[in-house]
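Naming: A, B, ... by sequence-line order, numbering from 1 per chain.
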Amino acid sequence: MADTHPNVRVRFCPSPTGNPHVGLVRTALFNWAYARHHGGTLVFRIEDTDAARDSEDSYNQLLEAMRWLGFDWDEGPEVGGPHAPYRQSQRMDIYADVAQKLLAAGHAYHCYCTTEELDARREAARAAGKPSGYDGHCRALTEDQVAVYRQEGRTPIVRFRMPDTPLTFDDLVRGPITFDPKDVPDYGIVRANGAPLYTLVNPVDDALMEITHVLRGEDLLSSTPRQIALYAALAEIGVGNGSTPRFGHLPYVMGEGNKKLSKRDPQASLNLYRERGFLPEGLLNYLALLGWSLAEDRDVFDMAEMVAAFDIDDVNGNPARFDLKKCEHLNAEHVRRLAPEEFVRRLVPYLQAPGLLPAEPGAEQLDLLAKVAPLTQERMVVLGEIVNMAGFLFVDPAAFTVDEEDAAKVLTADARPVLEASIKALEGLADFTPEPIQAALREALVDGLGIKPKFAFTPLRVAVTGRRVSPPLFESMELLGRAETLRRLAAAVELTPAS
RNA sequence: GGCCCUGUAGCGCAGAGGCAGGCGCGCCACCCUCUCAAGGUGGAAACGCCGGUUCGAAUCCGGCCGGGGCCCCCA
C-alpha cells in the first residue's frame, strides 16, 4: 500500500480451450490483485493461436467467467486499448513480420528436421543421459544442404537461436535462478505451415504491450530463459520498448494424489463450482490462499482487503493442494456474510434451475423466499442446497413427496400416533405461528405421549418437509400454512404401517 | 535420463538464528439444541533425512531422499 507502482502493467492471457479451470482463475486473481493494488494496468489478452484447440465457445465462456468472478480489465476484449487487437488470432501479420525480422537479423533460422527425426534424436540423447532438447542440427546449414532438403519437399519451421551464455533472472517468487545454455536449446517459433507458436507470440505481445510483470504458473518457469533471450533479440530489432519484464512464477494448484490439477479433473472446472452455488467471493477468497495469506490469523476476507494487502513478494513458492473442504467452509462464511436481500437475490437462479420457481417469480413467491431464506442462510455451504432445504415450500403440493429413505427410517408404526396427535393439536390452534405451534406440539407429544423432543419432532419434520434435515420445524410449518401442513401430516399417517 | 522448482500436523498458511513451534480447515470429545448447521469449550496431530557453521538452527551451508514441472511444429 505504502509502496505502490502505478506504472505496473500485468496481463492475463489464457488460451480459450475448454472450460475455465480453477488454476487459471487463481492466476487471473493474482494478476488482477497485483494490478489493482499498485493502481496499475491489467491487460486481458486471448492467446488463440492454435486453431485446432481454440474455439469461439470457449472464448465466450472465458469472458463470461471473468465477469462472473468480478474481474475487470483495463485493456482487452470489449474494452479495447492502445495495443488492440487483443486476440492473437487477429494479430497474425504482426507475428509474421517479427519472425521475418528475427530471421533477417540471424536470431532465428530455418530448421528442416522432421518430427520423426527430432523424436529419434531426442530419444538417443535421453538414453545417453544428455539434455534432450533440440540439438542444433540445422543451426548452420550450407546452401547446398538447404537445396537438398527443399528438393526433398521439406518445409522448414522457424527456430530461435539461443545465445551460448548462462541466463539468469530474479524470480519475484523464488529469487535468482540461473540456467546453463546447454539446458536451454533452440526452440521453434513458427510452424512449417507459417502459423506462429506460443513461444513467439507470447513474448512478442508482452513486449509490444509493454508488460512489466509476468505472473504465471510455475509450468512456464523453465521456458523463461528462452523468453529473456527472445526479449533481447526483440530489443535489438526494435520490437517493443526494449525492456524485459520481471517474472514471478506462482505455485501449482495440485489435485488429488499430488498431481497438478488437470483441466479434465472435475474438481478443476469453474463451471462446476458455479453450478453447485459457490459465490465468487468465496471461491476467490479460497483461491487467494493458495500461495498467499492476508494475515497469520485471518482466512476470511473480501477482494477489497486482498487488493489492499496483496503483493507478489509475499507469495509462497510451494505447490498448493486444492482442499475442497476448506473451499466450502470459506464459501459458507461468505454466504453468511451476504445481506439478506442479496442472499435472496442470488438464491433465485438455483430454484429456477429445477423448476421450483418460474423464470419470472411472482411477488408472493419472492416473499415466501425472503421469509425462508434467513432460516437457511447459516445452514448452507453452497447456494444449490436451497433446493433440498426449502424446496418443500415451492413444490406443487400435488408433486410433493417424502424422501424414501427418510420415510423408511422415521415413518414407522411408532410414528403413527405421534402424527395423529399432532394433527389434533394443530387443528384447533388459534394462532398458527411458531411459538404456539411449538407449545401445542410439546404439550401433545412430549408431555402427552411422553416422547423425547428429538424423537417426537423428527416424524413431523419428514412429513412436512420431506426430509430429516430441514430448516427449523415450527417456522417451516408456519410458512407452509396450516392447511398444507395438516394435509401432509395426514398423508404421512397413510405412509406409516398400521400397527 | 538432464535441468529447474519445492519439502513446517491429514490439508492450506505463519514463523527467517534465541523458550521445539502460531492460525485456519479437517478430525475427536463435550456444551447448546426440534433435525442439520452455526456458536462455545477442550483435545490429538508437524519442522523429510544426514552432516556442517554457531554458545544456540525449522530458520544459514552441503549432501541425500521425497514430491512436482519442463525438455513439443501445445499453451
NA contact type, [X], heavy-atom cut-off 4.0 Å: base, sugar-phosphate, or nothing?
X: A:R467; value: nothing
X: A:R461; value: base
X: A:L197; value: sugar-phosphate
X: A:E378; value: base
X: A:T376; value: nothing
X: A:E123; value: nothing
X: A:G133; value: sugar-phosphate

Can you name the atoms? Protein N/O to nucleotides 1-4 of chain B N/O, anything below 3.5 Å, with the distance.
from: B:G1; atom 1: N2; to: A:S132; atom 2: OG; distance (Å): 3.1

Exercise. Does A:Y187 or A:R442 map to a spot on RNA chain B nearer the 5' end, using the closest nucleotide for each?
Worked result: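 The residue closer to the strand's 5' end, by nearest nucleotide, is A:R442.
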Problem set entry | Side-chain-base donor-acceptor pair under 3.5 Å for A:R379 and B:C36 |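 When only heavy-atom distances are counted, A:R379 does reach the base of B:C36 through a donor-acceptor pair under 3.5 Å.
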Can you tell me how the ring of [X] sits relative to the ring of [Y], calling it parallel under 30°, perpendicular over 60° and tilted otherwise?
X: A:F160; Y: A:H107; answer: parallel
X: A:F278; Y: A:Y273; answer: perpendicular
X: A:H110; Y: A:Y112; answer: tilted

Check: protein-nucleotides 12-17 of chain B nitrogen or oxygen pairs below 3.5 Å:
from: B:G12; atom 1: OP1; to: A:R321; atom 2: N; distance (Å): 3.4
from: B:G12; atom 1: O2'; to: A:L289; atom 2: O; distance (Å): 3.1
from: B:C13; atom 1: OP1; to: A:G291; atom 2: N; distance (Å): 2.8
from: B:C13; atom 1: O3'; to: A:S293; atom 2: OG; distance (Å): 3.4
from: B:C13; atom 1: O2'; to: A:S293; atom 2: OG; distance (Å): 2.9
from: B:A14; atom 1: OP2; to: A:N316; atom 2: ND2; distance (Å): 2.9

Between [N] and [M], how far apart are the two [atom1] atoms, rounded to whole Å?
N: B:C19; M: B:G1; atom1: C1'; value: 48 Å
N: B:C13; M: B:C50; atom1: C1'; value: 28 Å
N: B:U53; M: B:G12; atom1: P; value: 34 Å
N: B:A45; M: B:C27; atom1: C1'; value: 9 Å
N: B:G43; M: B:G22; atom1: P; value: 12 Å
N: B:U41; M: B:C32; atom1: C1'; value: 11 Å

Presence of salt bridge, [Y] and [X], under 4.0 angstrom:
X: A:R87; Y: A:E56; value: yes
X: A:R468; Y: A:D406; value: yes
X: A:D205; Y: A:R11; value: no

Can you check the [X] [atom1] to [N] [atom2] distance for me, whole Å?
X: A:H334; N: B:G24; atom1: NE2; atom2: P; value: 17 Å
X: A:L375; N: B:A37; atom1: CG; atom2: C1'; value: 12 Å
X: A:L460; N: B:C36; atom1: CG; atom2: C1'; value: 16 Å
X: A:F457; N: B:C36; atom1: CZ; atom2: P; value: 14 Å
X: A:K454; N: B:C36; atom1: NZ; atom2: C1'; value: 11 Å

Exercise. What is the pairing partner of B:A14, taking Watson-Crick or G-U wobble pairs with both distances under 3.5 Å in any strand?
Worked result: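 Paired with no nucleotide.
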Seminar exercise, completed: Any strand, both distances under 3.5 Å, Watson-Crick or G-U wobble: B:G39 pairs with B:C31
Below 3.5 Å between N/O atoms, which protein atoms pair up with nucleotides 29-31 of chain B? Just atom names and distances, please.
none

Exercise. Do any side-chain nitrogens or oxygens of A:R122 fall under 4.0 Å of OP1 or OP2 in B:C71?
Worked result: no
Exercise. For A:R191 and B:C74, is the shortest distance between a side-chain N/O and OP1 or OP2 below 4.0 Å?
Worked result: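 Looking at the OP1 and OP2 atoms of B:C74, one of them is under 4.0 Å from a side-chain N or O of A:R191.
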Exercise. CD of A:E443: more than 12 outside heavy atoms within 6.0 angstrom?
Worked result: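 Counting other residues, nucleotides and ligands, CD of A:E443 stays at 12 neighbours or fewer.
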Problem set entry | Non-neighbouring partners of A:D219 that pass salt bridge (Lys or Arg N to Asp or Glu O under 4.0 Å), sequence neighbours left out |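 Residues passing salt bridge (Lys or Arg N to Asp or Glu O under 4.0 Å) with A:D219: A:K260.
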Exercise. Between A:F12 and A:W73, is the gap from one ring center to the other below 6.0 Å?
Worked result: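 Not under 6.0 Å, so no.
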Problem set entry | Listed nucleotide nearest any side-chain atom of A:I157, set B:A75, B:C34, B:C73 |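 For the A:I157 side chain, the nearest candidate turns out to be B:C73.
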For this session: List in chain and number order the residues that pass side chain to side chain donor-acceptor pair (under 3.5 Å) with A:T412, two or more places apart in sequence or in another chain; answer none if no residue qualifies.
Result: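 Result, side chain to side chain donor-acceptor pair (under 3.5 Å) vs A:T412: none returned.
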For this session: Would you please name every residue forming a ring-ring contact (aromatic ring centres under 6.0 Å, His included) with A:H213, sequence neighbours left out?
Result: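 Result, ring-ring contact (aromatic ring centres under 6.0 Å, His included) vs A:H213: A:Y34.
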Exercise. Which of these, A:L197, A:T199, A:L200, sits in a side chain to side chain contact (heavy atoms under 4.5 Å, CB included) with A:Y187?
Worked result: A:T199
Problem set entry | Option among A:E475, A:R379, A:R461 that satisfies the side-chain hydrogen bond (donor to acceptor under 3.5 Å, both in side chains) test with A:S470 |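 Running side-chain hydrogen bond (donor to acceptor under 3.5 Å, both in side chains) over A:E475, A:R379, A:R461 with A:S470 returns exactly one hit, A:R461.
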